[in-house]
Amino acid sequence: MIEDSMSNEEKKIMNGINNRLKFTEHHIEEMMKSLLDNIEQKMNDFKDNMKEFIEKKIQESNFNQQEITRLIDERVWKSELEIKKVVIENTNNIQQKIKHHGAQANLNEEVTNKRIADISYVINKNKYLPRVKIKIIFLFQVASFWPSWESFWEECLNDDRFEVKVILFDHEVEEKTQIKTAREFLDKKNIQYIDYNCFNIEQYQPHILVMQTPYSHWHRPRHLWADEIKSMGIRVIYIPYGIEISDTESSRAAHFQNEVVRNCWRVYTISESMREQYIMHSQIGAQNVKAVGHPKFDKLYTSKEEYVSNKIQEAAKGRKIILWKVHFPKEFEVKEKGKVMVTPYIDEYLTFARKIIDYPDYLFVFCPHPKFYEMFRWLKEDKSKGSELQTILSLQDNVYQYEDDDYRPALFQANYIIVDRSAVMIEAAAMNIPVMYVHNSDYKEPMTEAVSHLVDSYYQGTGAEAMVQFIEMCKRGEDPLKEKRLEAFHQCIPFSDGLSGKRIKEDILAGLESELVTNY
């Protein structure tokens with residue numbers, strides 16, 4: 001152990017630091033508890049006062065129900081102002097102390113920011129009141145992530161209880177490739193939106209803001225991070241743009257410990273089994289996580305026919321379609337192995353691409369991740385191989401290179417699917433067609449327990465030879481893993497009814513209703 005190699009003086013210093021940390025943690029918790037106790041006491045006083053007030057007014061025959069309701073709303077509003085006034089006098093002092101003590105104890109900056117956001121949220125929370133529309137903002141940034149929102153957005157848009165605004169933020173922070181088509185996508189879809197430059201979120205005071213991506217550092221300036229939005233009193237919601245498939249250490253951090261998830265009012269995921277992953281790996285547990293299914297599955301069951309691509313149909317000319325869906329070249333740092341490639345080696349894809357010409361009776365729809373070609377510049381030895389693959393495919397008469405942001409038309413029209421490490425591999429099972437999962441020959445990426453059973457039900461291989469064998473099997477009309485795959489799909493994806501977007505909306509309504517003061 002490290003302590004065994006430390007001198008007595010070093011141990012003394014270390015003990016001092018640990019004691020200081022414990023004291024600081026306790027001191028901050030006491031301040032927060034005092035503040036929240038103050039709020040609770042004010043609310044209890046208010047409830048007692050309201051109960052007496054209502055009983056008195058009901059006894060007075062000259063007050064009808066409508067007038068009582070108006071007076072209740074007025075008193076609620078005045079009480080909120082009073083509580084805010086009392087609490088806010090001490091807020092700045094508490095926040096400064098949190099920062100001061102956090103710095104002294106060398107606390108993680110993210111922990112300090114979350115504590116400040118928690119307190120600010122309690123003070124500034126935009127209260128939900130009955131008979132008032134729920135203001136909800138969809139902060140749109142990445143076109144290819146739209147399927148994770150669409151059915152939920154439609155549910156809110158078609159519900160008179162909601163006031164829906166799509167706010168477009170397409171400024172480049174660190175990410176460029178995935179952001180650049182956002183405006184064009186909304187225009188093509190005829191989705192009404194407001195440019196972020198023309199909108200003031202804090203002034204609008206929405207009840208809810210839906211984040212589209214969890215990567216605050218890469219996608220948004222500091223004032224649009226989740227903790228800053230939460231500090232305004234806005235409830236932050238996040239629906240994962242892809243299924244939480246990977247179970248590496250870095251993937252766990254990306255799925256369950258990111259800045260957005262830590263500061264969310266609600267996170268929605270595909271199943272109770274996936275929610276358990278949040279319980280195991282999230283720094284705040286899973287109190288804010290709801291398992292209601294994922295909107296990206298909904299259109300498959302409700303309006304699949306709306307997503308037919310005429311271009312793919314014309315290219316197919318009646319032939320069966322093989323969807324080849326690829327992630328960008330992906331590397332992970334793995335303990336005792338160092339940096340490893342988890343997607344198949346590009347040479348395997350080059351070999352397979354050259355064999356496609358041998359299957360003229362099929363149309364191969366090549367659907368790369370939006371960052372597929374861009375990411376080759378980071379590979380030491382394979383920088384030119386992305387463009388080489390693109391060239392080979394462009395010379396094949398039976399290849400259609402799919403470049404649209406919405407991948408669903410390619411997915412929905414497929415007869416067979418070949419996919420590497422992509423969240424689309426989970427949606428693929430819903431198509432009820434043969435699916436092949438291709439992984440790296442030297443390292444097989446571990447999958448989260450919530451989906452591993454499903455992935456294990458796919459045909460698998462590591463390169464061109466296995467991919468060709470899969471096509472030959474499909475030519476023979478065979479699918480020996482069909483029953484196993486269907487059984488695994490229903491176990492891993494229990495909400496496969498096209499209603500996940502509706503369930504999210506209903507959970508939001510229930511959550512807001514629970515915040516109302518009902519016991520006067």
Side-chain angles (χ1 to χ4, degrees), residues 242-247 270-274 277 293-294 296-297 300-301 304 316 319-327 330 342-345 348-349 351-352 355-356 358-359 361-367 407-408 410-498:
I243 309 301
E244 307 93 322
I245 57 172
S246 179
D247 198 32
I270 59 170
S271 65
E272 283 296 336
S273 181
M274 189 64 79
Q277 296 297 306
H294 201 294
K296 63 163 53 191
F297 290 90
L300 175 63
Y301 301 100
K304 180 180 175 182
R319 294 174 292 186
K320 289 191 173 182
I321 296 169
I322 299 175
L323 172 62
W324 182 12
K325 182 74 176 75
V326 297
H327 195 274
K330 181 68 176 179
V342 298
T343 48
Y345 292 121
E348 293 290 344
Y349 281 171
T351 300
F352 178 69
K355 292 179 179 293
I356 285 176
D358 297 333
Y359 297 94
D361 294 335
Y362 295 88
L363 176 70
F364 290 78
V365 176
F366 182 68
C367 184
Y407 58 86
R408 288 174 297 181
L411 177 66
F412 290 177
Q413 289 175 256
N415 300 104
Y416 314 101
I417 297 173
I418 298 174
V419 62
D420 58 24
R421 59 99 56 206
S422 166
V424 176
M425 76 163 74
I426 307 303
E427 291 166 80
M431 301 303 299
N432 194 20
I433 57 178
V435 180
M436 181 179 195
Y437 167 51
V438 191
H439 57 84
N440 190 276
S441 58
D442 292 323
Y443 180 78
K444 187 175 183 181
E445 182 179 10
M447 297 286 155
T448 54
E449 189 174 336
V451 298
S452 60
H453 182 49
L454 179 58
V455 177
D456 288 343
S457 73
Y458 295 163
Y459 305 99
Q460 299 197 14
T462 60
E465 182 179 354
M467 295 162 78
V468 168
Q469 290 174 358
F470 174 74
I471 296 173
E472 291 293 337
M473 181 198 76
C474 294
K475 281 182 65 177
R476 296 191 298 270
E478 298 174 359
D479 188 7
L481 293 180
K482 181 176 181 178
E483 294 302 322
K484 180 180 180 181
R485 187 175 62 247
L486 288 175
E487 180 183 353
F489 174 74
H490 290 300
Q491 288 179 0
C492 295
I493 313 296
F495 300 102
S496 52
D497 54 6

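For this chain, numbers begin at 1 and follow the sequence in order. Hydrogens, waters and symmetry mates play no part in the numbers below; they use all other heavy atoms, side chains included.
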Using every non-hydrogen atom in the two residues, find where V419 and S422 come nearest and quote the distance to one decimal.
CG2-CB, 4.0 Å
At what distance, to the nearest 0.5 angstrom, does CG of L481 lie from OH of Y459?
4.0 Å
Distance, nearest 0.5 Å, that separates NE2 of H327 from NZ of K330
6.0 Å
Taking the six-membered ring for Trp, are the ring centroids of F364 and W324 within less than 6.0 Å of each other?
no
Measure the shortest side-chain to side-chain distance between F470 and I418 over non-hydrogen atoms and say whether it is less than 4.5 angstrom.
yes
Quick one: does D420's side chain get under 4.5 Å of H439's, heavy atoms only?
no
Nearest heavy-atom neighbours spanning A430 and L300:
CB-CD2, 3.1 Å
Listing request: all salt bridge (Lys or Arg N to Asp or Glu O under 4.0 Å) pairs with a residue in residues 435-446, at least two apart in sequence or in separate chains.
R421-E445
Please name the pair of heavy atoms, one in A414 and one in I417, separated by the smallest distance, quoted to 0.1 Å.
CB-CG1, 4.1 Å
Starting at CD of Q491, measure out to OG of S271 and round the result to the nearest 0.5 Å.
11.5 Å
Given M425 and M436, is the side-chain contact (heavy atoms from CB on, under 4.5 Å) satisfied, shown in steps?
CA-CA 9 Å; M425 76 163 74; M436 181 179 195; over 6 Å; no
Please examine the side chains of I243 and H294, heavy atoms only from C-beta on, and report whether any two atoms are closer than 4.5 Å.
yes
Are the side chains of Q460 and V455 in contact, using a 4.5 Å heavy-atom criterion?
yes
Quick one: list whatever passes side chain to side chain contact (heavy atoms under 4.5 Å, CB included) with E478, sequence neighbours left out.
M473, R476, P480
Qualifying residue, where the test is side chain to side chain donor-acceptor pair (under 3.5 Å) with Y359 and the options are R319, E472, K475
E472
Taking all atoms of both residues into account, what is the closest heavy-atom pair of V365 and A410, and its distance?
CG1-CB, 4.1 Å
Are N415 and I433 packed together at the side-chain level, in the sense that at least one heavy-atom pair is separated by less than 4.5 angstrom?
no
Nearest 0.5 Å, please: how far is CD in E465 from OG1 in T351?
11.0 Å
Are side-chain heavy atoms of Y407 and V424 found at a separation under 4.5 Å?
yes
When you compare the side chain of V326 with that of Y349, does any pair of heavy atoms fall below 4.5 Å?
yes
Hey, mind stepping through S496 and Y301 against side-chain contact (heavy atoms from CB on, under 4.5 Å) and telling me if it holds?
CA-CA 8 Å; S496 52; Y301 301 100; 3.3 Å; yes
Minimum-distance pair of heavy atoms, taken over all atoms of T343 and N440:
O-ND2, 2.9 Å
Between CD1 on residue I356 and CE on residue M467, distance to nearest 0.5 Å
7.5 Å
Any sub-3.5 Å donor-acceptor pair from T448's side-chain atoms to E244's backbone N or O?
yes
Would a 4.5 Å heavy-atom cut-off, applied to side chains only, mark P434 and D479 as touching?
yes
Can you tell me how far apart CG (D247) and OG (S452) are? Round to the nearest 0.5 Å.
8.5 Å
Checking Y437 now: which residues fulfil side-chain hydrogen bond (donor to acceptor under 3.5 Å, both in side chains) with it, not counting sequence neighbours?
none
What do the steps show when you test I426 against L454 for side-chain contact (heavy atoms from CB on, under 4.5 Å), and what is the final call?
CA-CA 8 Å; I426 307 303; L454 179 58; 4.0 Å; yes
Apply side-chain contact (heavy atoms from CB on, under 4.5 Å) to residues F297 and F495 and explain how you reach the verdict.
CA-CA 9 Å; F297 290 90; F495 300 102; over 6 Å; no
Nearest heavy-atom pair of A423 and K296: which atoms, and what distance?
CB-NZ, 4.5 Å
